[in-house]
Amino acid sequence: MRAQSSAIDRIGIAVNTPRTPEQGPPADRRSGTLQAALGVTAFSLTFPATAWGLEGFGPWSLVAVRSVLAAVIAGSCLLALRVPVPARRHWAGLAVVAAGVVLGFPLLTTLALQTSTTAHAAVVVGLLPLTTALLSALRTGARPSRTFWGAALAGAAAVIVFTVQQSGGALSSADAYLFGALLICAAGYTEGGRLARTMPGWQVIGWALVLCLPLSVPGALVALSYEPVHLSAHGVAGLLWVAAGSQFLGLVVWYRGMAAIGIPKASQLQLAQPLLTLVWSVLLLGEQLTPAAPLTAAAVLICIALTQRARG
């Protein structure tokens, strides 16, 4: 068992220590911030990749197949490293992660993106950091400072104004899906960040994906039998990214980052995610950006800096 732990340490997925983020050395906090930022970058590609995936797959097929593929990747890693099954006390939390991050958020946002642009859908991502921080305070007893909350609210407001302006200020029928996705994903992030303090973040999402297999496998078979599939380069690339990048690798570094620097602070890094998503939307989907983009980006970066310096 000691040899196995050493091997895991060498490949960068060592077990996180249970100490609080404030007690960790500065190097660990910097590493945690970098990993959380990498997770945000991976997530910022999710909506454009989903739009690509919808070119070749129906919404239910896309969500179910991405979950199965991600579970195969995660399960292979768990088997190769002979990771023991989590203790019974962790399964309730893993179920919350599975419901929120593996199934709920992908399904609701995919359904929304059938009628909504990626810019409009980015409203959800803009609100997600604040919602995650609120749920974290309720779930873990965290009490961030007034400076933290003020910067978080300002950053969320800036993102909301920008993304609503990008979508023309109109509400669509997809809003119910988007706000539902916001709440359920925040719950999954909060619970996953809490679990990542006692087990490696990659194992948190790995076991959550495996837990969903009894639903995702038959769901994929049924969905593929009812929804037509039109294979294309965009469709396949979008599916592969949301499965491997967004659903597994991005969540691995994201949960590790949250465990290192704390859930509220890590969640505020996601304030940059809508702007990154809009950049990818221009490059990959041909959408247009307004001159307000750089101003909003500057405001968001200032808010991120303030939340990272604020002490709860």
Side-chain angles (χ1 to χ4, degrees), residues 20-22 29 32-33 36-37 39-41 43-44 47 100-101 105 108-109 112 118-171 175-194 254 257-258 260-279 289-290 292-312:
T20 62
E22 289 79 8
R29 293 198 297 271
T33 300
V40 170
T41 302
F43 300 153
S44 70
F47 287 167
V101 178
F105 186 80
L108 293 174
T109 53
T118 56
H120 189 81
V123 172
V124 173
V125 180
L127 292 173
L128 187 56
L130 182 58
T131 307
T132 302
L134 286 170
L135 290 182
S136 171
L138 294 174
R139 180 68 178 88
T140 67
R143 293 295 182 268
S145 66
R146 292 182 179 179
T147 300
F148 177 94
W149 286 118
L153 288 170
V159 170
I160 291 171
V161 169
F162 177 67
T163 51
V164 170
Q165 186 271 335
Q166 285 287 295
S167 65
L171 297 178
D175 286 330
Y177 290 133
L178 294 174
F179 286 109
L182 164 69
L183 293 175
I184 197 169
C185 187
Y189 278 173
T190 299
E191 199 64 22
R194 186 186 67 82
W254 172 243
M258 281 201 294
I261 64 176
I263 298 172
K265 289 187 178 181
S267 70
Q268 300 315 304
L269 292 174
Q270 280 196 305
L271 287 169
Q273 185 174 326
L275 304 180
L276 289 173
T277 297
L278 291 173
V279 171
L289 288 181
T290 67
L295 295 177
T296 306
V300 167
L301 290 176
I302 292 173
C303 292
I304 291 175
L306 289 175
T307 58
Q308 294 304 297
R309 289 181 176 276
R311 294 184 179 274

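Owing to the predicted nature of the structure, the values given are computational and were not obtained by experimental measurement.
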Determine whether Y177 and T109 make a side-chain contact, defined as any pair of heavy atoms from C-beta on separated by less than 4.5 Å. no
Check [X] against [Y] and note the closest heavy-atom contact, atom names and distance.
X    : Y    : result
A158 : T296 : O-CG2, 3.7 Å
A272 : V300 : N-CG1, 3.9 Å
A37  : L269 : N-CD1, 4.1 Å
I184 : F105 : CG2-N, 3.9 Å
G32  : A260 : CA-CB, 3.6 Å
T277 : S44  : OG1-O, 3.0 Å

Using the six-membered ring wherever Trp is involved, compare the ring planes of W254 and F43 and label them parallel, tilted or perpendicular (cut-offs 30° and 60°). perpendicular
If you round to the nearest 0.5 Å, how far is CG of L178 from CG of L183? 11.5 Å
Look up atom CZ in F47 and atom CG in L278, then write down how far apart they are to the nearest 0.5 Å. 10.5 Å
